[in-house]
Amino acid sequence: MLALSACGDDAAKVGEGVGDRIDVVANFYPVAEAATRIGGDRVRVTNLTPAGAEPHDIELTTRQLDKLEDANLVLYFGRGFQPAVEKVAERRDAPSLDLLEKIDLAPDDKGGVDPHFWLDPNLMAEAVKAIVDALVVASPADTSVFRTNAARYEEELRALDVELQGGLAVCERREIVTSHYAFFYLARRYGLEQLAVAGLSPEAEPDAGRLASLSDQIKAKGVTTVFYEDLVSPRVARALAREAGVKTAVLSPLEGLSKDQADAGKDYNAVMRDNLVALRGALACQ
């Protein structure tokens with residue numbers, strides 16, 4: 001038996017009858033969606049990063065800290081992605097799963113590691129497998145429900161991957177200029193070359209030399225678009241686009257939903273398809 005959740009009088013005890021639900025805390029949007037899709041009505045999922053917030057910037061409230069401490073399962077990222085969440089998750093007695101430990105993260109040519117694996121639907125499917133295993137441990141009575149839901153979600157991810165491969169197969173250009181280095185796995189999966197304004201931190205300010213170099217590359221390679229993100233200021237991306245004489249567009253790293261996306265009922269698959277539309281336009285794909 002694991003600890004009782006502190007979220008209410010109806011909190012579930014792990015492994016009890018099928019009428020109970022377990023409390024799951026997820027560090028940010030794609031993890032929360034996966035847990036919700038797999039768990040269905042057998043789980044209560046709390047997303048620590050609200051719509052419109054950038055996950056690297058969140059500060060945990062007392063209520064969120066309590067949820068982290070008392071949840072039946074915490075799903076989070078280590079490696080300094082969200083240090084405050086990582087610190088609490090690692091000291092809990094109840095189960096916590098660091099998803100970055102379950103994914104084969106590849107270093108780039110400079111030795112850095114981009115944690116945004118979920119932008120490759122195949123790696124997102126690997127995370128689904130890890131999450132369903134953790135949920136089964138937390139609530140064995142619901143194993144068949146979790147595995148059935150996970151299989152359905154993985155099938156959707158495979159279909160999305162096929163759609164992305166087809167949509168990006170034949171394009172006039174392969175270079176994407178992005179506001180920060182968040183698209184390594186997407187670029188690797190679909191044969192694109194990422195030219196990032198900033199590094200792994202979305203808030204990092206590039207120096208003048210980097211901007212001048214990118215402007216020259218944009219002109220030399222015939223790039224038409226500088227991509228910025230929906231949850232980060234577009235100021236630098238727009239300045240670069242003006243200097244290079246090209247347009248801007250949104251390419252979401254799916255670290256969270258914007259308020260407009262949430263209000264429109266969008267999910268992981270819908271935003272990835274929005275990304276596909278943006279990429280096809282910028283790259284002149286057939």
Side-chain angles (χ1 to χ4, degrees), residues 24-41 43-58 75-77 81-82 99 114-128 131-132 149-168 176 178-180 182-187 189-190 192 202 225-234 237 247-283 285:
V24 178
V25 171
N27 62 329
F28 73 133
Y29 174 72
V31 179
E33 177 181 308
T36 300
R37 290 293 306 273
I38 298 165
D41 63 3
V43 299
R44 281 183 295 260
V45 178
T46 298
N47 179 3
L48 294 177
T49 307
E54 214 284 330
H56 303 285
D57 296 336
I58 66 166
L75 304 170
Y76 75 105
F77 282 17
F81 188 86
Q82 288 173 317
L99 284 164
D114 176 6
H116 301 77
F117 69 81
W118 59 92
L119 294 176
D120 176 345
N122 287 286
L123 293 179
M124 183 65 172
E126 291 301 310
V128 168
I131 292 169
V132 72
N149 290 344
R152 186 180 301 117
Y153 192 36
E154 288 178 52
E155 184 177 347
E156 290 180 20
L157 293 171
R158 286 192 292 270
L160 174 64
D161 176 56
V162 170
E163 189 174 337
L164 286 162
Q165 287 197 61
L168 298 171
I176 55 171
T178 62
S179 57
H180 98 280
F183 299 89
F184 172 82
Y185 298 100
L186 183 144
R189 179 65 182 168
Y190 304 110
L192 307 177
T225 307
V226 174
F227 288 111
Y228 65 91
E229 300 173 17
D230 32 18
L231 300 179
V232 179
S233 169
K247 63 183 180 180
T248 59
V250 171
L251 190 66
S252 176
L254 260 165
E255 292 183 343
L257 296 180
S258 68
K259 186 176 184 305
D260 288 343
Q261 289 167 335
D263 290 346
K266 298 217 168 183
D267 61 7
Y268 172 88
N269 286 325
V271 177
M272 286 293 285
R273 290 188 170 96
D274 288 343
N275 281 346
L276 176 58
V277 170
L279 288 168
R280 283 178 53 80
L283 302 175
C285 302

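Given the structure is predicted, the values throughout are model-derived calculations rather than measurements.
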Fill in the blank from the handout: On a heavy-atom basis, the closest approach of Arg158 and Ala151 is NH2-O, 4.5 Å

Completion exercise
Value for CG (Leu251) from CG (Leu119), rounded to nearest 0.5 Å, stands at 8.0 Å

Practice task
Can you measure from OH (Tyr76) to CD (Gln82) and round to the nearest 0.5 angstrom?
Solution key: 11.5 Å

Fill in the blank from the handout: Looking only at heavy atoms, the pair that brings Ala26 and Val31 closest together is CB-CG1, 3.8 Å

Handout entry: Pair Val250-Tyr228, side chain to side chain contact (heavy atoms under 4.5 Å, CB included): steps then yes or no
Key = CA-CA 5 Å; Val250 171; Tyr228 65 91; 3.6 Å; yes

Problem - Euclidean distance, Tyr185 OH relative to Trp118 CH2, rounded to 0.5 Å - result: 9.5 Å

Problem - Close side-chain approach of Leu160 to Arg273, heavy-atom, < 4.5 Å - result: yes

Practice task
Could you check Arg280 against Leu168 for side chain to side chain contact (heavy atoms under 4.5 Å, CB included), going step by step and ending with a plain yes or no?
Solution key: CA-CA 7 Å; Arg280 283 178 53 80; Leu168 298 171; 4.2 Å; yes

Problem - Donor-acceptor contact present, side-chain Thr49 to main-chain Asn27, <3.5 Å - result: yes

Practice task
Check whether any side-chain heavy atom of Leu186 lies under 4.5 Å from a side-chain heavy atom of Leu279, and answer yes or no.
Solution key: yes

Fill in the blank from the handout: Heavy-atom nearest pair, Ala35 first then Ile131, reads CA-CG2, 4.3 Å

Handout entry: Met124 backbone acceptor or donor facing Tyr268 side chain under 3.5 Å
Key = no

Exercise for the section: Say whether, by atom type as modelled, one donor and one acceptor occur between the side chain of Asp114 and the main chain of Phe184 under 3.5 angstrom. Expected result: yes

Handout entry: Residue pair Asp274 / Lys266, side-chain heavy-atom distance below 4.5 Å
Key = yes

Handout entry: Donor-acceptor pair, side chain of Ser252 and main chain of Leu254, under 3.5 angstrom
Key = yes

Handout entry: Between CZ on residue Phe77 and NE2 on residue His116, distance to nearest 0.5 Å
Key = 9.0 Å

Problem - CA sep, side-chain torsions, deciding dist, call: Phe117, Asn122, side chain to side chain contact (heavy atoms under 4.5 Å, CB included) - result: CA-CA 9 Å; Phe117 69 81; Asn122 287 286; over 6 Å; no

Exercise for the section: With the side chain counted from C-beta on, respond yes when Tyr190 and Phe183 share a heavy-atom pair under 4.5 Å apart, and no when they do not. Expected result: no

Practice task
Side-chain contact test, heavy atoms from C-beta onward, threshold under 4.5 Å: evaluate it for Asp263 versus Ser258 and give yes or no.
Solution key: no

Problem - Partner of Val24 under side-chain contact (heavy atoms from CB on, under 4.5 Å), chosen from Ile38, Thr36, Leu75 - result: Leu75

Exercise for the section: Can you measure from CG (Leu157) to CE (Met272) and round to the nearest 0.5 angstrom? Expected result: 9.0 Å

Exercise for the section: List the steps, then state whether side chain to side chain contact (heavy atoms under 4.5 Å, CB included) holds for Val271 with Gln261. Expected result: CA-CA 8 Å; Val271 177; Gln261 289 167 335; 3.9 Å; yes

Practice task
Scan side-chain atoms only and decide if Asp161 and Gln165 contain a donor-acceptor pair under the 3.5 Å cut-off.
Solution key: yes

Handout entry: Closest heavy-atom pair and its distance - Cys285, Gly167
Key = CB-O, 3.5 Å

Exercise for the section: Could you tell me whether the side chain of Glu229 and the main chain of Ser179 form a donor-acceptor pair under 3.5 Å? Expected result: no

Problem - Nearest heavy atoms of Ala237 and Phe227, plus distance in Å - result: CB-O, 4.3 Å

Handout entry: Min side-chain heavy-atom separation Leu283-Leu192 under 4.5 Å
Key = yes

Problem - Heavy-atom check, side chain of Pro234 versus side chain of Thr248, under 4.5 Å - result: no

Fill in the blank from the handout: Gly39 and Asn149 have their tightest heavy-atom pair at C-ND2, 4.1 Å

